[in-house]
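Input: a single structure, listed below in structure tokens.
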Amino acid sequence: MQLLGENFFGRETVEVARDLLGHFLCRESAEGLVSGIIVETEAYLSNNDPACHAARGKTSRNAVMFGLPGMAYVYFIYGNHYCFNVVTGQEGVGEAVLVRSVEPVDGLPLIVARRGQAVSKTNLTNGPGKLCQAFDVDSSFNGHDLREKPLYLGLNKTVSQYRPVKTTTRIGLSVAQDKPLRYVVTGNAYLSRREYLG
DNA sequence: GGGAAGATGTTCT
DNA sequence: GAACATCTTCCCT
């Protein structure tokens with residue numbers, strides 16, 4: 001599979017967030033391959049966005065966000081869960097795209113085993129914490145180059161099937177709740193929440 | 001050193 | 001729809 005490259009990630013964060021929809025997230029391991037198609041993302045910006053982890057400057061936690069585009073930014077939240085982001089924009093700016101939901105493609109049995117829950121197929125990877133569990137992504141991938149195995153982003157030549165894109169407000173925030181920076185594949189069954197809010 | 005909040009998921013009503 | 005488990009990070013005292 002052809003991989004998404006630096007020229008893809010180094011663009012405006014909102015463009016990358018929108019354009020990631022329909023492409024592949026792939027994870028190889030000794031247990032096998034797990035892949036899925038990205039169907040929901042959120043953009044976190046450097047300017048006028050208090051919900052962004054980089055809003056108050058660089059810290060040890062968010063340092064990866066200020067590095068090269070195309071790296072993984074993975075952080076631990078609520079004592080149980082990881083969230084997977086793709087660093088975007090120019091180096092030093094501090095922006096990223098949160099991958100919130102994917103549609104499972106390869107490795108469904110492995111996904112079920114890792115999730116360890118008797119849930120329907122549409123509930124296996126429809127949320128940032130769920131997909132990290134399903135793809136076995138943890139903080140050891142923080143700073144990982146997403147152009148390299150075992151965690152990478154693949155080009156989908158039939159990405160047009162995952163259009164049009166709908167824009168909504170972001171999920172789970174206590175600040176900047178009104179910003180239209182969440183992007184979903186219209187009508188997709190694997191979204192973490194309904195595609196319209198309000 | 002302490003405390004509050006957090007880009008969530010699950011379970012219960 | 002609401003409560004809560006769980007723990008790291010960061011800001012404040």
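Predicted model, so just to flag it, every value in this text is computed and none were measured. The sequence lines fix the lettering, A, B, ..., with proteins before strands; numbering per chain opens at 1.
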For [X], side-chain hydrogen bond (donor to acceptor under 3.5 Å, both in side chains) partners two or more places apart:
{"X": "A/Glu6", "value": "A/Arg147"}
{"X": "A/Ser192", "value": "A/Glu40, A/Arg100"}
{"X": "A/Tyr44", "value": "A/Glu42"}

To the nearest 0.5 Å, tell me how far [X] [atom1] sits from [Y] [atom2].
{"X": "A/Glu12", "Y": "A/Arg18", "atom1": "CD", "atom2": "CZ", "answer": "10.5 Å"}
{"X": "A/Phe8", "Y": "A/Leu153", "atom1": "CZ", "atom2": "CG", "answer": "8.0 Å"}
{"X": "A/Ser101", "Y": "A/Ile37", "atom1": "OG", "atom2": "CD1", "answer": "12.0 Å"}

Check: So which of residues 37-55 of chain A are in contact with DNA chain C, with a heavy-atom cut-off of under 4.0 Å?
Finding: none
Check: Considering only heavy atoms, which members of residues 65-82 of chain A lie under 4.0 Å from some atom of DNA chain C?
Finding: A/Phe76, A/Tyr78, A/Gly79, A/Asn80
Atom-pair distance ([atom1] on [X]; [atom2] on [N]), nearest Å:
{"X": "A/Asn62", "N": "B/dA7", "atom1": "CG", "atom2": "P", "result": "12 Å"}
{"X": "A/Arg56", "N": "B/dG6", "atom1": "CZ", "atom2": "P", "result": "10 Å"}
{"X": "A/Tyr183", "N": "B/dA7", "atom1": "OH", "atom2": "P", "result": "18 Å"}
{"X": "A/Phe84", "N": "B/dT8", "atom1": "CZ", "atom2": "P", "result": "16 Å"}

Notebook entry, point to check: P atom, C/dA3 versus B/dA5: distance in rounded Å?
Noted result: 16 Å
Note to self: Holding to salt bridge (charged side-chain N to carboxylate O under 4.0 Å, His left out), I want the full list of residues that pass it with A/Lys166, two or more places apart in sequence or in another chain.
What the structure shows: A/Glu195
Next item on the list: Identify all stems in which DNA chain C takes part, counting only runs of at least 3 consecutive pairs (Watson-Crick or G-U wobble, each distance under 3.5 Å), and give each as one range with another, ordered by first number.
Entry: B:1-6 with C:7-12, B:8-12 with C:1-5
[X] side chain vs [Y] backbone, donor-acceptor pair below 3.5 Å:
{"X": "A/Lys179", "Y": "A/Ala51", "answer": "no"}
{"X": "A/Thr169", "Y": "A/Asp178", "answer": "no"}
{"X": "A/Asn62", "Y": "A/Thr59", "answer": "yes"}

Report all side-chain donor-acceptor pairs from residues 78-94 of chain A shorter than 3.5 Å, counting only partners two or more places apart or in another chain.
unit_1  : atom_1 : unit_2  : atom_2 : d
A/Asn85 : ND2    : A/Tyr73 : O      : 3.1
A/Thr88 : OG1    : A/Thr13 : OG1    : 2.7
A/Gln90 : NE2    : A/Gly10 : O      : 2.9

Shorter than 3.5 Å, N or O on both sides, protein versus nucleotides 10-13 of chain B: list them out with atom names.
unit_1 : atom_1 : unit_2   : atom_2 : d
B/dT10 : OP1    : A/Arg115 : NH1    : 2.9
B/dT10 : OP1    : A/Arg115 : NH2    : 3.4

Checklist line | Outermost nucleotides of DNA chain C that come under 4.0 Å of a non-hydrogen atom of chain A | finding: C/dA5 to C/dC11
Item checked: Heavy-atom closest contact (A/Asp106 atom, A/Ser35 atom, distance) -> OD2-OG, 2.7 Å
Check: Base, sugar-phosphate, or nothing: which does A/Ser174 touch, judged by heavy atoms less than 4.0 Å apart?
Finding: sugar-phosphate
Can you list, pair by pair, the side-chain donor-acceptor contacts under 3.5 Å of residues 123-138 of chain A, counting residues two or more places apart and other chains?
unit_1   : atom_1 : unit_2   : atom_2 : d
A/Asn123 : OD1    : A/Asn126 : ND2    : 3.3
A/Asn123 : ND2    : A/Ser120 : OG     : 3.1
A/Thr125 : OG1    : A/Val102 : O      : 2.6
A/Asn126 : OD1    : A/Lys130 : NZ     : 3.0
A/Asn126 : ND2    : A/Thr122 : O      : 3.1
A/Gln133 : OE1    : A/Arg115 : NH1    : 3.0
A/Gln133 : NE2    : A/Arg114 : O      : 3.3
A/Asp136 : OD2    : A/Arg27  : NH2    : 3.2
A/Asp138 : OD1    : A/Ser140 : N      : 2.9
A/Asp138 : OD1    : A/Ser140 : OG     : 2.5

Check: Under the side chain to side chain contact (heavy atoms under 4.5 Å, CB included) criterion, do A/Val185 and A/Val165 qualify, and how do the steps go?
Finding: CA-CA 5 Å; A/Val185 175; A/Val165 168; 5.5 Å; no
Next item on the list: Take A/Met71 and A/Met65, measure what side chain to side chain contact (heavy atoms under 4.5 Å, CB included) needs, and give me the verdict at the end.
Entry: CA-CA 8 Å; A/Met71 302 296 121; A/Met65 293 182 78; over 6 Å; no
Margin query: Once ring-ring contact (aromatic ring centres under 6.0 Å, His included) is applied, do any residues pair with A/Phe141, and if so which ones, sequence neighbours excluded?
Written below: A/His144
